[in-house]
Undergrad: 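Can you keep this structure in mind? I'll have questions shortly.
Below, all heavy atoms of this structure are taken into account, side chains as well, without hydrogens, waters or symmetry copies. Both ligands and their constituent atoms are indexed starting at 1 by order of listing. Along the sequence shown, the residues carry numbers beginning at 1.
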Amino acid sequence: MNELIPTTLTADDIKQKARSLGADLVGIADGAIMDQYPPDPDNPRGPSDITEIDGGRVIVLAKRISFATSRLPAWNDQHKFYGDELLISALEELALDLVFWLEDNGVPGLLVPYHHVDPTKFLKGKDTQTTHPLSATHAAVEAGLGTLGLNHQLITPEYGPRVILGIVMTSADIAPDQKMEKTLCLGPECGRCLKACPADAVQHWDRDWKSCDTYRSPFGFEFVADYLTGVMTETDQKKQIGMLRSMESSELFQAMLRGSGIITGCRRCADVCPVGDDYEELLKKWVDEIAEETPEKIARLAEMVDAELPKSYQNQKRWIGDLG
Ligand code: SF4
Ligand code: SF4
């Protein structure tokens, strides 16, 4: 069982340290509460599933993404991919520095990887949603950083959904934060995430994760496995060599070199979300118009406004918050 270790460090000390290392937002969740409320009861992933010793507190770190990359309108612009990839590396270093600082102060710290690929989840015909060892977005809600939106993206008051998250677990006996009760999302009346989604994956308080994955991780494990299978089973050697020298191969080479397009990818829904202190001044003018908007999408949103709240809302109500 996760037992808390007495420490002279306070939650404020830890938050101050994380900010001095470069975090823009920091919150602390109660690991026991996260164990009690797994986001997906069919695939429960709580702190105790990672460690039974040091998951009593979950420190959630966030760095804002560059607003200039949000102004780039193409979902698959390599500058976005690279920018986000570098940000993930920066967050990992920040988290590692925090781990060693905690341990220098006598309490353990365990870094939880941002991304984890379980190849068994990528078998054709099965659920291909990329699952993380611990849902960082749900942890962020439990740590009081924000609430989930119409498509279950994390929204923060400061930067809307435009943050990348990192997690450090610890058994330091520090006070956890409280989660927000009222939703920050403006609901289907806004629906800008749905209008902008190139995969049309945004649903009524839900997301078609399988469709989304092909955009948010365009050169991820499934793409690599499929592509290499195609190369290996091609019987025409000329065609096979052509496949090795193709654009797809080049994209894969770059993705493996820098990770971009594997862990990072589409985030159009985050770029256009009007919530966040950064939106009006730094983004609105550049992202107001949504090229992906269609009459069908607008009609679907209008139906959602009048419809009853779906089961997907009830299942995630704890993290979406009260619609008031
Ligand atoms: S990440 Fe891209 S594909 Fe996925 S829901 Fe957002 S806009 Fe749609
Ligand atoms: S774009 Fe609008 S509907 Fe979508 S998450 Fe943001 S506030 Fe909610």
Undergrad: Does only the side chain of Ile155 get under 4.0 Å from ligand 2, or the backbone, or both, or neither? Count heavy atoms.
TA: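 Side chain only.
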
Undergrad: Just need the protein heavy atom nearest to atom 7 (S) of ligand 2, so name the residue and atom and give the distance.
TA: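 For atom 7 (S) of ligand 2, the nearest protein heavy atom comes out as Leu186 N, 3.3 Å.
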
Undergrad: Take atom 8 (Fe) of ligand 1 and tell me which protein N, O or S atoms are nearer than 2.8 Å.
TA: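 Checking every protein N, O and S atom gives Cys197 SG.
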
Undergrad: Does the side chain of Asp54 come under 3.5 Å of the side chain of Ser171 through a donor N or O and an acceptor N or O?
TA: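 Asp54 vs Ser171: donor-acceptor pair found between side chains.
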
Undergrad: For Gln153, counting its heavy atoms only, list the atoms of ligand 2 lying under 4.0 Å from any of them.
TA: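 Near Gln153, the atoms of ligand 2 are 5 (S).
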
Undergrad: Which heavy-atom pair separates Asp236 from Glu234 by the least distance, and what is that distance?
TA: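 The pair with the smallest heavy-atom distance is N-OE2, 3.0 Å.
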
Undergrad: Identify, for atom 2 (Fe) of ligand 2, the protein heavy atom at the shortest distance, and state residue, atom and that distance.
TA: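 Nearest neighbour among protein heavy atoms for atom 2 (Fe) of ligand 2, to 0.1 Å: Cys190 SG, 2.3 Å.
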
Undergrad: Going by the rule side-chain contact (heavy atoms from CB on, under 4.5 Å), which residues pair with Ala255 if we only count those two or more places apart in sequence or in a different chain?
TA: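 Ala255: side-chain contact (heavy atoms from CB on, under 4.5 Å) contacts with Phe219, Ile262.
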
Undergrad: Hydrogens and angles aside, do Ser70 and Tyr159 bring a side-chain donor and acceptor to less than 3.5 Å of each other?
TA: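 Tyr159 and Ser70 do not have a side-chain donor-acceptor pair below 3.5 Å.
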
Undergrad: Around atom 3 (S) of ligand 2, find the nearest protein heavy atom and jot down its residue, atom name and distance.
TA: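 Heavy-atom neighbour on the protein nearest atom 3 (S) of ligand 2: Gly187 O, 3.3 Å.
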
Undergrad: By side chain to side chain donor-acceptor pair (under 3.5 Å), which residues pair with Trp205, not counting sequence neighbours?
TA: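 By the side chain to side chain donor-acceptor pair (under 3.5 Å) rule, Trp205 matches no residue at all.
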
Undergrad: Checking contacts here: is it the side chain or the backbone of Pro274 that comes within 4.0 Å of ligand 2, counting heavy atoms only? Could be both or neither.
TA: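 Side chain only.
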
Undergrad: Which residue holds the protein heavy atom closest to atom 8 (Fe) of ligand 2, what is that atom called, and what is the gap in Å?
TA: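 Here the closest protein heavy atom is Cys185 SG, 2.3 Å.
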
Undergrad: Going only through I, L, V, M, F, W and Y residues with side-chain contacts under 4.5 Å, is there a path from Val287 to Leu150?
TA: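 Val287 and Leu150: separate clusters.
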
Undergrad: What atoms of ligand 2 come within less than 4.0 Å of a heavy atom belonging to Gly191?
TA: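 Reading through ligand 2 atom by atom, the close ones are 2 (Fe), 3 (S).
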
Undergrad: Are Thr229 and Asp226 close enough that a side-chain donor and a side-chain acceptor fall under 3.5 Å?
TA: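 No, because no side-chain N or O of Thr229 sits under 3.5 Å from a partner of the opposite role on Asp226.
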
Undergrad: Under a 4.0 angstrom heavy-atom cut-off, which atoms of ligand 2 come close to Val275?
TA: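 Those qualifying, in numeric order: 7 (S).
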
Undergrad: Not counting sequence neighbours, list each pair that qualifies as a side chain to side chain donor-acceptor pair (under 3.5 Å) and has a residue in residues 97-113.
TA: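 For residues 97-113: none.
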
Undergrad: Measure up the Phe81 and Trp75 rings against each other and bin them: parallel (under 30°), tilted (30 to 60°), perpendicular (over 60°).
TA: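 If you compare the ring of Phe81 with that of Trp75, the planes turn out tilted.
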
Undergrad: If you have a sec, work out which protein heavy atom is nearest atom 6 (Fe) of ligand 2 and how many Å separate them, to one decimal?
TA: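 I find the closest protein heavy atom is Cys273 SG, 2.4 Å.
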
Undergrad: Only one of Gln254, Glu251, Glu85, Arg258 forms a side chain to side chain donor-acceptor pair (under 3.5 Å) with Gln78, so which one is it?
TA: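 Single pass found, and it is Glu251.
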
Undergrad: Are a donor atom and an acceptor atom from the side chains of Thr156 and Arg64 found within less than 3.5 Å of each other?
TA: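 Side chains of Thr156 and Arg64: no pair found under 3.5 Å.
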
